[in-house]
Amino acid sequence: MPPTPEQPHLNGAYYGPSIPPKTKSSNRPSRRRGGGGSCNPLTCCFSCICSCIFNCIFQILITLAIILAIITLILWFVFRPNVPKFHVDDVTLTEFNLSDSNNTLHYNLNVNMTFRNPNRRLGIYYDKIEANGLYHGVRFSTADVVGFYLGHKKENNVSAVFKGEQVVSGVKGKYEAENGDGVFKIDLKLRLKIRFKVWWMKTPKFKPKFDCDLKVPLSVKGRVSDQKFERTKCDFDW
């Protein structure tokens with residue numbers, strides 16, 4: 001095998017093709033395609049301002065809600081409000097006759113009621129009192145009671161008179177059954193508009209309701225039921 005020719009000594013110089021000189025454009029970093037661009041200063045500033053405003057408004061609303069809840073809780077502990085009380089003391093029914101021919105109900109009903117304010121620090125304005133008489137869910141009469149103011153731990157006796165005639169339907173069978181005993185199931189429903197008075201301040205109007213289920217004996221000449229009317233406590237509903 002012939003000996004390998006000896007390689008010439010290299011001094012580290014580059015003997016390849018010439019390298020073109022660098023230009024200014026080649027020194028600039030290339031931009032990425034498809035997003036990643038810098039944010040517009042005006043857009044960024046506007047977004048920051050809006051975010052700060054919304055955060056401030058939200059914090060203010062939360063603070064106001066907490067303060068209002070604390071004030072309401074303090075007032076409740078101080079005044080301890082109780083719902084009004086209402087009783088039907090006595091009822092006189094001198095006429096309650098359902099016509100066989102045209103389902104006309106002739107009635108004469110007198111109701112004596114007691115309103116009581118159980119609160120020690122709250123007064124109650126009864127701005128409107130609407131009393132409705134119903135027979136097995138069918139309204140046959142409405143009476144308006146004059147409003148009044150009821151002070152602390154006070155009560156007031158009022159009356160409502162229902163007299164006239166009204167066509168009712170769907171109650172003939174129940175009327176015939178109750179007419180034999182002479183005791184009729186009459187519902188008294190009150191629709192109120194009231195305001196509470198706290199010191200010199202008055203609250204907005206509320207619209208509560210009283211519902212009374214009454215068993216009323218008929219009291220006419222020559223026919224008096226053995227059953228007496230019992231004082232009835234009515235249910236309060238907001």
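Just so you know, these numbers use all the heavy atoms, side chains as well, and skip hydrogens, waters and symmetry mates.
- Closest heavy-atom contact between Ser159 and Asn112: OG-OD1, 2.8 Å.
- In terms of hydrophobic clustering, with Ile, Leu, Val, Met, Phe, Trp and Tyr side chains grouped at heavy-atom distances under 4.5 Å, Val161 and Leu218 are assigned to different clusters.
- Within the 3.5 Å criterion, the main-chain N or O of Thr92 finds no donor-acceptor partner in the side chain of Ser219.
- Inter-residue side-chain proximity for Val167 and Leu105 is flagged as unmet; no heavy-atom pair is nearer than 4.5 Å.
- In this structure, CD1 in Ile67 is found 6.0 Å from OG1 in Thr63, a value given to the nearest 0.5 Å.
- Of the inter-residue distances, the one linking Cys56 atom SG with Leu61 atom CG reads 11.0 Å to the nearest 0.5 angstrom.
- Within a 6.0 Å sphere centred on NZ of Lys215, other residues, nucleotides and ligands contribute 12 heavy atoms or fewer.
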Output, in order, the C-alpha distance, side-chain angles, deciding distance and verdict of side chain to side chain contact (heavy atoms under 4.5 Å, CB included) for Phe162 and Asn132.
-> CA-CA 9 Å; Phe162 304 90; Asn132 297 286; over 6 Å; no
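- Side-chain contact between Asp127 and Arg195 is present, with at least one heavy-atom pair separated by less than 4.5 Å.
- A salt bridge is defined here as a Lys NZ or Arg NE, NH1 or NH2 lying under 4.0 Å from an Asp or Glu carboxylate O, and Lys185 with Asp213 fails to meet this definition.
- One finds the CZ atom of Phe86 at 12.5 Å from the CD atom of Glu155 (value rounded to the nearest 0.5 Å).
- Nearest heavy-atom pair, Pro84 versus Pro118, reported as atom, atom and distance to 0.1 Å: CA-CD, 4.0 Å.
- Classified by interplanar angle (parallel below 30°, tilted 30° to 60°, perpendicular above 60°), the ring pair Phe115/Phe148 is perpendicular.
- Following chains of ILVMFWY side-chain contacts shorter than 4.5 Å, one can reach Val220 starting from Leu214, so the two form part of one hydrophobic cluster.
- Closest approach of Lys172 and Asn103 over heavy atoms only: CD-OD1, 4.4 Å.
- Of the charged side-chain nitrogens involved, at least one lies within less than 4.0 Å of a carboxylate oxygen, so that Arg191 and Asp211 count as a salt-bridged pair.
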Candidate pair Tyr149 and Tyr126, rule ring pair (Phe, Tyr, Trp, His ring centres under 6.0 Å), full reasoning = CA-CA 6 Å; Tyr149 172 75; Tyr126 290 88; 9.2 Å; no
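- No more than 12 heavy atoms of other residues, nucleotides or ligands lie within 6.0 Å of CZ in Arg139, so this atom counts as exposed by the packing criterion.
- Between the Tyr125 side chain and the Lys193 main chain, no donor and acceptor come within less than 3.5 Å of each other.
- Annotation for Ile194 and Pro208: closest pair CD1-CG, 3.7 Å, computed over non-hydrogen atoms.
- With hydrophobic clusters built from ILVMFWY side chains whose heavy atoms lie under 4.5 angstrom apart, Leu188 shares a cluster with Phe229.
- Under the 4.5 Å side-chain heavy-atom criterion for Ile, Leu, Val, Met, Phe, Trp and Tyr, Ile124 and Val146 are members of distinct hydrophobic clusters.
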Decide side chain to side chain contact (heavy atoms under 4.5 Å, CB included) for Val168 and Leu98; before the verdict, give the C-alpha distance in whole Å, the side-chain angles of both, and the deciding distance to 0.1 Å.
-> CA-CA 9 Å; Val168 295; Leu98 182 63; 3.7 Å; yes
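- Heavy atoms of other residues, nucleotides or ligands lying less than 6.0 angstrom from NZ of Lys154 number 12 at most.
- Under a hydrophobic-cluster definition in which Ile, Leu, Val, Met, Phe, Trp and Tyr are linked whenever side-chain heavy atoms come within less than 4.5 Å, directly or via other members, Leu109 and Val138 are assigned to the same cluster.
- Checked against Phe140 for a ring pair (Phe, Tyr, Trp, His ring centres under 6.0 Å), the options Tyr175, Tyr135, Tyr107, Phe184 give a single hit: Tyr107.
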May I have the step-by-step check of side chain to side chain contact (heavy atoms under 4.5 Å, CB included) for Thr142 and Glu130, ending in yes or no?
-> CA-CA 7 Å; Thr142 299; Glu130 179 186 284; 3.7 Å; yes
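- Once rounded to the nearest 0.5 Å, the distance linking CZ of Arg116 with CG of Asn156 reads 13.5 Å.
- How far SG of Cys234 is from NZ of Lys209: 14.0 Å, rounded to the nearest 0.5 Å.
- Met113 and Asp89 make their closest contact through C-OD2, 3.7 Å (heavy atoms, listed as atom of the first residue, atom of the second, distance).
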Go through the steps to decide whether Asp187 and His136 satisfy the test side chain to side chain contact (heavy atoms under 4.5 Å, CB included), and finish with yes or no.
-> CA-CA 7 Å; Asp187 299 329; His136 289 285; over 6 Å; no
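- Side chain of Asn119 to main chain of Asn82: a donor-acceptor pair is present (N/O by atom type, distance under 3.5 Å, no hydrogens or angles).
- Between the side chains of His106 and Glu165, at least one donor N or O sits under 3.5 Å from an acceptor N or O.
- Once rounded to the nearest 0.5 Å, the distance linking CG of Leu122 with OG1 of Thr203 reads 8.5 Å.
- Heavy atoms only, all atoms of each residue included: Val183 and Glu178 are closest at O-CB, 3.4 Å.
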